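Report on one structure; see the data block that follows.
Lettering of chains follows the sequences in order, A, B, ..., and the numbering in each one begins at 1. Remember, it's a predicted structure, so these values are computed and weren't measured experimentally.
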Amino acid sequence: MDRRYNPKTIEEKWQKIWEDQKLFKVTEDSTKPKYYLLEMFPYPSGKIHMGHVRNYSIGDVLARYKWMKGFNVLHPMAWDAFGMPAENAAIEHGVHPAKWTYENIEYMKNQLKRMGFSYDWDREFATCDVSYYKWEQLFFLKMYEKGLAYKKRSIVNWCEICQTVLANEQVMSDGTCWRGHADDPGVTQRELDQWFFKITQYAEDLLEWCDKLPGWPERVLTMQKNWIGKSVGAEIYFPLENSKEVIKVFTTRQDTVFGATFMSLAPEHPLALSLSRGTPQEEAVKHFIEKMKRQDQLKRTAETAEKEGVFTGAYCLNPMTGARMPIFVANFVLMEYGTGAVMAVPTHDQRDFEFAKKFGLPMIVVVQPNGHNLNPETMSEAYEGEGILINSGPFNGMDSIKAREAIARYLEERGLGGKKVSFRLRDWGISRQRYWGAPIPIIYCERCGTVPVPEKDLPVVLPFNVEITGMGKSPLALVKEFVETKCPNCGGPARRETDTMDTFVESSWYFDRFACPDYHEGPLDKKRVDYWMPVDQYIGGIEHAILHLLYSRFFTRVLKEFGWVSVEEPFTNLLTQGMVCKEVYECPKDGYLFPEEVEGQGERFLCKKCGGKISVGRLEKMSKSKKNVVDPEYLIERYGADTARMFCLFASPPEKDLDWSDQGVEGSFRFINRVWRLFFELEPRLRGIESLPFGSALEGEQRTLRQKTHKTIKKVTEDIERFHFNTAISAIMELVNEIYVSKVKEYNDEISLRVTREAIETVVRLLFPFVPHVAEELWEALGYQGSLIKTQWPDYDPEAVKEEEVLIVIQVNGKLRDRITLPASFGEEEVKAWALKSERIRRLIEGKEIKRVILVPRKLVNIVC
RNA sequence: GCCGGGGUGGCGAAAUUGGAAUACGCGCGAGACUUAGGAUCUCGUGGUCGCGAGACUGUGCGGGUUCGAAUCCCGCCCUCGGCACCA
C-alpha cells in the first residue's frame, strides 16, 4: 500500500464506495428518530464557490455525526435553477437557458460529489423541471382562488440591469438590486400591473412566531421583526370641509390630535389632485405631483431631503377641535404606508415642525414635558417625548401614554376612528418580466377578463423556442404559440399571462418537496411530509435573513391552510454561517486588482499597471468583481477535499466571517499529513490489538494517554452538539499531539499497545465527520470493513476521564500565587490546609490576618487577608 | 436616530455556569535529524522590568458590584449588519 497521503486516490475511492452502496439514501423509518438537515440549495451558476464549500462542509459534519448517533438523517440537495444569469448567458453566448442550466447542474453536482458531501442524491431535482414548477402553478391557482394571489396596478421597483421588477425585499437599503451587480445604477420606480402574494395577511402571525423560534439567531429574528415593522396606533377620520367625505389618517400619536393644524397627503394620494380641481391651486399641485413622479423615490424620501410641499386649496376639519386644517401635498409622505395621509402636529413631530416653519402654519403645544414650558414661538425643534396633555379639552392633565388609549376609545365611540395597527411589510410582488421562470397560470379573455388556467390544464409549460432579448419585456410575449390560447370559460380567443414568477417562489417550498420528490399525484405526499417536516436544522448565509427565510415562513402558512403541510414553521433551528472573505487590492486609478497585478514590497504595494500605491488589508466577501475569489477547484486539485473542508471548519466558528488564509490551508493539509504519518508509523504494531474495555484501571503514562483519549471524545461530542467545530478539531489536534509525545506508543507490552490502539482509533473515528475520506481510509487500514457511517459515534468511559489528581490554583486576594497538585479525593479542609502550607503562600501571608478562605472544589483556593 | 452582532497576542481564534486569560492553529525564534531542506520531530513565544527566583501589567475606554470579572451592572468609544422622513 502506498503509505504517502494521496488525497486524489483515496477521495475517488471512497466517493465511489459511498455512491455504489447508496450509503446516504434514506426512507421513512419509525424505529429511529428523524433528523432533517438542510443547507440552502445553490443556484447553478456554473461552478461552486467557497461559500458553498463552507456551507456544505458545516452541514456535512452534522449529517455524518447524526447518522452515527443513530438518527434517520435526511440530507438532500437540489438546484434553485430558474433565474436571471441563465438568460444573460443566453444573450451573451447564444446558449439556451435550459441547456446552460442543466449543464451547470451536471458540472456542479460533480464538484459537490468530489467534495464528498453525504447527500441522498436520489432526491435531487431542479426547480426548472416541469415536474417541480407545475405544483407551484397549482399553488398559485389555489392562492388566486382564496384571494392570496391578486393583480393590481402599482408603483414597483425596477432593476435596469435585470430588466425586471423586484419585490421590496429584493431592494437593498442603498437602493440597489439584491443580486449585487457590479455597477448598479440603483432601482427606479415604474407603475405596472403586477401579481402579488398577500403576505401582509400573515404579518401579525409571522411577527408573533418570531418569539417562538428559540432555535433561530437573535439577529435574524430582529431583522424580520424590523422588516414586518408593526406600529400600534389609531386611525382618525378628518372630515373634508363642505363635503361628506373624510380623509383617513394613521397615527401612533393620537394623543397629539388636538395639536393637528394641517394635513399632508402623499403625491400619489387620489385626493391630492381631485381636491385642487377648480381651485387656483390646481396648476401648482399638478406641477408638484409631476415633479415628484420624476424624482427618484429613494432620494425623495431620504431623511435629509428638504421638506417640500404645495397647498391644495382645500381644507379639512380637526374632528376634536373643529379647527380648519389646510391640506397640503408633501414629498415626505409615503402612499405605501398607513393611509398615505398624515395629520400634521408641528409641535410634536419634527417633520411637521420643519414643514410648518417653512410655510408659516399654526403650532399648538398639546403635550407638556415634565418641568418645562414649551412655547411654539421659541421652540427650535419638535418635542416628541411624553408628558402631560394641555389644550386637549377633556383630556387635559392626562399622561400622554394613557391618553393614547383614552383618545382611541373616544374616537371609536363617536365613529371618528379607532385603534389601528399598521405594518411596514408590503405584499410580495412576484411578476417578473423574464423568460427563465415558472409561467403564471393565468389567461386574459376579452370577454371573461382574468381567468385562471383550470387545474386539469396544468402545467403551463415554459416554451423552449424563445428569442431572449433582455429588453425589459417578457420574452414570452413574443411567442405566438404560447400567448395565443382559448379562454377556458367561453372558448373565445384569449392571451396568456407572459410574466413568470419570482424565483423566490420556488425556494419557498423546496424543503417540503424533498420529503417526496418522486410523488406525482400532487405537490406533496402528506404522510411523508409529516414524517420529515419541519427541517430540524437549516444552514445558510445571513444574506437571506429576510428574503428567502421570510417567504418560506409565509409559504408554510399558506400550505398549511391548504392542508398540504402540518407545521406552522418550516425551520426549527437555523444556523447562519458567515461570509468567506479575502483581502482586496484596490488601486485608486485601476480599481480592484488580482494579486498577481500587484507588486509587494513589505508594507508597500504597488500597482503593476500604473505604479500607483495600492490599499491592502481590507477584507471583503469573495466576489468576482472584487477580484478576490479562490476557486475551490484549485483547492481540491492541490490539497484534496478533506483539506478544503477542514480549513473552512477550523479557521473560525460557523456564524463568523471566515478570513481566507493560504497559510491556514497549508496548516490543515499539514495536520492531515501529521495524522497520516503517525498512523502508519504505529499501525504495523497495532494489528489485531483491541481497545481496552470501559472501566479499565490504569496508572501512570498509560492512564494519562487513555484519559486524554476519552476526554477528547467527550469534548468533541459536546462541541459538535453546539456547532463549535473549530474547537472540536483543536481537541483532536491535542490528542494527536499527546500521542506524539507519549512514550506509551513505544512500549510493546499488551496494555500499552491497547492504549495506543484505542487512542489512534479514536482519532480516526472522531475525524470522520470533518475529513471523511482520510478517516475511512485509515479505518480500513485498521482492519475494519464497511464505512464509518455505519458505526456508532464513540462514547467516553466515565471511569477513564476521572481525575485522580487535580491542579489547585492558589490565589491571595484574587491574585494567582501558586499551584499545587492534590489527590482528587481530598475534602475541603484538606485542600485548604495544603494551600496554606505552600511555601510561597506562607511567605506572602506572613504576619497577616486571614479573613476568609474561599474554595472552589477541584479548581482553586483564594486566601483573603 | 432606532434595533442587533462584535471589539481578547504579530494574525485566525479559545475560555460551556463569575474561578489559571490567550487552548488549538498560523507566523516567528531555538534545537534535533540531514549533504541540504522551504520536509519532519522537539522546545519556546502577550508586554515591561530583572542575570535570576520573580515582580508589575494586560481582554476597546472610564467607573461599579464581587474574595475573584473577557464574562455581571452603569456610562462612553470604535466597528459590522439591519431598518429609517414609517406618521
Side-chain angles (χ1 to χ4, degrees), chain A residues 172-173 217-231 233 249-254 256 264 266 300-307 330-334 336-345 348-352 354-355 384 422-424 542-543 545-546 578 646-647 650-653 655-668 670-671 673-674 677-678 715 718-719 721-722 724 726-734 736-737 740-741 807-819 840 851-865:
Chain A
M172 304 294 99
S173 55
E218 191 59 42
R219 60 173 172 156
V220 174
L221 294 172
T222 308
M223 280 190 229
Q224 294 219 348
K225 286 185 205 169
N226 279 345
W227 187 259
I228 296 168
K230 180 180 178 175
S231 295
V249 150
F250 172 74
T251 178
T252 54
R253 290 302 301 272
Q254 61 270 25
T256 64
S264 307
R300 191 192 108 193
T301 59
E303 198 171 354
T304 46
E306 167 87 18
K307 303 283 170 287
N331 64 339
F332 62 88
V333 184
L334 307 170
E336 308 91 73
Y337 186 75
T339 61
V342 182
M343 69 171 198
V345 185
H348 303 296
D349 182 287
Q350 187 56 26
R351 293 157 302 182
D352 299 341
E354 287 168 32
F355 199 87
E384 297 184 341
S422 247
F423 292 93
R424 216 191 65 93
I542 185 74
E543 66 271 17
I546 296 171
M646 181 157 145
F647 169 72
F650 180 63
S652 67
E655 325 79 54
K656 265 197 162 184
D657 285 353
L658 177 113
D659 299 336
W660 185 263
S661 147
D662 290 325
Q663 285 166 335
V665 178
E666 287 284 346
S668 294
R670 216 150 50 204
F671 171 69
N673 275 285
R674 188 169 150 87
R677 273 191 306 273
L678 176 67
K715 167 92 176 139
E718 287 165 1
D719 279 355
E721 291 282 355
R722 59 186 185 126
H724 286 213
N726 53 335
T727 53
I729 292 171
S730 68
I732 303 172
M733 285 173 169
E734 280 186 58
V736 171
N737 292 346
Y740 261 102
V741 299
L807 185 70
I808 300 289
V809 169
I810 311 174
Q811 298 180 334
V812 176
N813 293 329
K815 281 196 175 177
L816 174 74
R817 293 300 180 185
D818 200 6
R819 39 195 117 191
R840 298 184 53 201
K851 294 187 187 119
R852 264 173 89 179
V853 177
I854 284 142
L855 181 120
V856 181
R858 309 171 69 83
K859 278 222 171 93
L860 82 117
V861 175
N862 187 12
I863 299 155
V864 187
C865 58

Exercise for review: Give V342(A) one of three labels, base, sugar-phosphate or nothing, depending on what nucleic acid heavy atoms sit under 4.0 Å from its own.
Suggested key: base
**Study point:** C85(B) OP1/OP2 closer than 4.0 Å to side-chain N/O of N331(A)
**Key:** no
Review point. Reckon R674(A) has a side-chain N or O less than 4.0 Å from the OP1 or OP2 of U42(B)?
Key: yes
Practice item. Using both distances under 3.5 Å as the test, list the Watson-Crick or G-U wobble partner of A84(B), or none. Key: none
Revision key, fill the gap. Any strand, both distances under 3.5 Å, Watson-Crick or G-U wobble: U34(B) pairs with none
Review point. Does a side-chain N or O from H348(A) land closer than 4.0 Å to OP1 or OP2 of A87(B), or not?
Key: no
Practice item. Examine A15(B): is either OP1 or OP2 under 4.0 Å from a nitrogen or oxygen in the side chain of R722(A)? Give yes or no. Key: yes
Point to revise | Sugar-phosphate only, base, or nothing, as touched by K230(A) at under 4.0 Å among non-hydrogen atoms | key: nothing
Exercise for review: Verify the contact: side-chain N or O of R670(A) to OP1 or OP2 of C26(B), cut-off strictly under 4.0 Å; return yes or no.
Suggested key: yes
Revision key, fill the gap. The Watson-Crick or G-U wobble partner of A20(B), with both key distances under 3.5 Å, is none
Point to revise | Options U16(B), A87(B), C67(B), nucleotide nearest the side-chain atoms of I854(A) | key: C67(B)
Revision key, fill the gap. Taking a pair to mean Watson-Crick or G-U wobble geometry with both distances below 3.5 Å, G6(B) pairs with C78(B)
Practice item. May I ask which nucleotide in the shown strands pairs with A13(B), Watson-Crick or G-U wobble, both distances under 3.5 Å? Key: none
**Study point:** From A13(B), C86(B), C24(B), nucleotide with atom closest to E734(A) side chain
**Key:** C24(B)
Review point. If you check the N862(A) side chain, which of C67(B), U42(B), C85(B) turns out closest?
Key: C67(B)
Exercise for review: Starting at atom CZ of F650(A), determine the distance to atom C1' of A13(B), rounded to an integer number of angstrom.
Suggested key: 8 Å
Check your understanding: Can a side chain N or O of R219(A) be found less than 4.0 Å away from OP1 or OP2 on C80(B)?
Key -> no
**Study point:** Of the listed nucleotides U57(B), A15(B), C86(B), the one nearest the side chain of R424(A)
**Key:** C86(B)
Check your understanding: U42(B) phosphate, OP1 or OP2: any side-chain N/O from Y740(A) under 4.0 angstrom?
Key -> no
Review point. Under 4.0 Å between a side-chain N/O of K815(A) and OP1 or OP2 of U57(B), yes or no?
Key: yes
Study note, to complete from the structure: Pairing partner of G50(B), by Watson-Crick or G-U wobble and under 3.5 Å for both distances, is none
Study note, to complete from the structure: Winner on side-chain proximity to Q811(A), out of G19(B), A87(B), C83(B), is G19(B)
Practice item. Measure from the side chain of S730(A), starting at C-beta and using heavy atoms only, and say which of A20(B), A14(B), C24(B) lies closest. Key: C24(B)
Review point. For S231(A) and A87(B), is the shortest distance between a side-chain N/O and OP1 or OP2 below 4.0 Å?
Key: yes
Exercise for review: Decide, for G9(B), between syn and anti: a glycosidic angle within 90° of 0 counts as syn, anything else as anti.
Suggested key: syn
Review point. In Watson-Crick or G-U wobble terms, both distances under 3.5 Å, what is the partner of U65(B)?
Key: none
Check your understanding: C86(B) phosphate, OP1 or OP2: any side-chain N/O from N226(A) under 4.0 angstrom?
Key -> no
**Study point:** Options G27(B), C24(B), A20(B), nucleotide nearest the side-chain atoms of R819(A)
**Key:** A20(B)
Review point. Taking only N and O in the side chain of R817(A), is any of them less than 4.0 Å away from OP1 or OP2 of A55(B)?
Key: yes
